Asks: 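Just dropping this structure here.
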2 protein chains.
Amino acid sequence: MRRTIVLMATYHPDPEQLLVEDVLAALGNPVRLGIVRELDASPGARTCGSLPLEITKATATHHWRVLRESGITREHKAGRSKAVSLRREDLDARFPGLLDAVLRATPPPREP
Amino acid sequence: MRRTIVLMATYHPDPEQLLVEDVLAALGNPVRLGIVRELDASPGARTCGSLPLEITKATATHHWRVLRESGITREHKAGRSKAVSLRREDLDARFPGLLDAVLRATPPPREP
DNA sequence: ACGATCGTACGACGCATTTCGTACCGACAG
DNA sequence: CTGTCGGTACGAAATGCGTCGTACGATCGT
């Protein structure tokens with residue numbers, strides 16, 4: 001019997017399982033890249049609600065899932081809220097220099 | 001008569017215009033990542049036909065376009081063929097360390 | 001117990017991406 | 001000139017992705 005409800009338990013991939021194409025695809029989206037930059041700019045974990053997002057809660061949940069399932073972020077409950085943080089060590093161990101290079105990448109110089 | 005043909009002149013973005021999210025999205029695809037690895041493994045430019053692709057010509061054209069328009073590769077005609085090469089210097093200048101980190105990223109360790 | 005807050009599940013919509021078949025064009029070999 | 005080879009243009013199909021509304025669940029303050 002199939003329960004229609006699948007109860008997506010929050011899945012975090014193991015460090016060794018991370019696929020570079022998944023990480024790149026996850027980062028290759030302006031909204032998610034913005035989230036990652038925001039997470040990088042703040043020490044420790046952030047609650048989801050503290051991220052300045054221009055999107056609805058449902059959409060945000062989707063992006064958090066993509067980031068989490070690609071191994072970029074980790075989530076854990078914090079009371080009635082949820083905390084998100086970068087998996088820096090895991091990413092650096094698996095893909096040395098990748099996250100740093102992405103975070104160092106600046107937007108294109110504007111022209112007047 | 002056919003004037004529906006739009007004659008997509010091969011577009012190469014300027015180095016300063018490159019967007020990191022476009023580059024990441026382009027690399028976040030197994031086929032294209034494979035092409036980039038292949039290009040990196042060979043010195044200088046390769047003709048398109050020399051890349052070992054499991055896909056049809058039409059599909060290959062699509063991926064070459066994505067790589068070119070994101071600024072990852074450069075193309076130029078070489079007789080009846082076409083040569084593709086990595087825009088290493090431009091990428092390194094715009095996004096230092098990014099391409100190297102991606103190319104260093106190994107597939108996950110296999111388990112027996 | 002009640003309501004407010006924070007996030008998820010599900011279903012839906014529109015748009016983009018990936019893939020291909022087919023027709024075509026340009027360059028070269030004969 | 002004709003054929004072949006390398007690649008593109010176009011159109012179509014399938015799939016995936018980003019977005020949202022709505023309904024729900026869990027947690028905390030009162």
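We use all heavy atoms of the structure for the numbers below, so side chains are in, but hydrogens, waters and symmetry mates are not. None of the values given here were measured: they were computed from a predicted structure. Each chain gets a letter, A, B and so on, in the order its sequence line appears, and its residues count up from 1.
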Asks: For the pair made of CZ in B:R68 and C1' in D:dG7, what is the distance, rounded to whole Å?
Replies: 12 Å
Asks: Give a yes or no on whether the backbone of A:L86 and the side-chain of A:R74 come within a donor-acceptor separation of less than 3.5 Å.
Replies: yes
Asks: Tell me whether the side-chain N/O atoms of A:S81 come closer than 4.0 Å to OP1 or OP2 in C:dG7.
Replies: yes
Asks: Return the minimal non-hydrogen interatomic distance between A:S70 and A:L18, and the atom names on each side.
Replies: O-CD2, 3.8 Å
Asks: Would you kindly confirm whether A:L19 and B:V102 end up in one hydrophobic cluster when ILVMFWY residues are joined by side chain heavy atoms under 4.5 Å apart?
Replies: no
Asks: May I ask you to decide if A:T47's main-chain N or O and A:S50's side chain share a donor-acceptor pair within less than 3.5 Å?
Replies: yes
Asks: Search all heavy atoms of B:V66 against all heavy atoms of B:A26 and return the closest pair with its distance.
Replies: CG1-CB, 4.0 Å
Asks: May I ask you to verify if any side-chain N or O of B:T56 is less than 4.0 angstrom from the OP1 or OP2 atom of C:dT19?
Replies: no
Asks: If I compare all heavy atoms of A:F95 with all of B:T106, which pair ends up nearest, and what's the gap?
Replies: CE2-O, 4.2 Å
Asks: Determine the minimum heavy-atom distance between B:R32 and B:A25, stating which atoms define it.
Replies: NH2-O, 3.6 Å
Asks: Distances for protein N/O vs nucleotides 16-18 of chain D N/O pairs under 3.5 angstrom?
Replies:
residue	atom	partner	partner atom	Å
D:dG18	OP1	A:N29	ND2	2.9
D:dG18	OP1	A:R32	NH2	3.2
D:dG18	OP2	A:R32	NH1	3.3
D:dG18	OP2	A:H62	NE2	3.3

Asks: Five pairs per end, C1' atoms only: what is the angle between the end axes of the helix from C:dA1-D:dT30 to C:dG30-D:dC1, to 10 degrees?
Replies: 20°
Asks: How many Å lie between CD1 on A:I55 and P on C:dG7, as a whole number?
Replies: 12 Å
Asks: With a 4.5 Å heavy-atom cut-off, do A:L27 and B:V20 have their side chains touching?
Replies: no
Asks: Tabulate protein N/O versus nucleotide N/O from nucleotides 22-30 of chain D, keeping only pairs under 3.5 Å, one per line.
Replies:
none

Asks: Under a 3.5 Å distance rule, please check whether B:R68 uses its side chain to pair with a backbone N or O of B:E75 as donor and acceptor.
Replies: no
Asks: Is B:E54 close to B:V31 at the side-chain level, that is, under 4.5 Å between some pair of heavy atoms?
Replies: no
Asks: Side-chain N or O of B:K82 less than 4.0 angstrom from OP1 or OP2 on D:dT8?
Replies: yes
Asks: Hey, does B:T73 have a side-chain heavy atom less than 4.5 Å from the side chain of B:H12?
Replies: no
Asks: Whole angstroms only, please: what is the CD-P distance between B:E75 and D:dG6?
Replies: 16 Å
Asks: What integer distance in Å separates B:R65:CZ from C:dT19:C1'?
Replies: 15 Å
Asks: I need the CZ-P distance between B:R46 and D:dG7, as an integer number of Å.
Replies: 12 Å
Asks: What's the CH2-C1' distance between A:W64 and D:dT19, to the nearest Å?
Replies: 14 Å
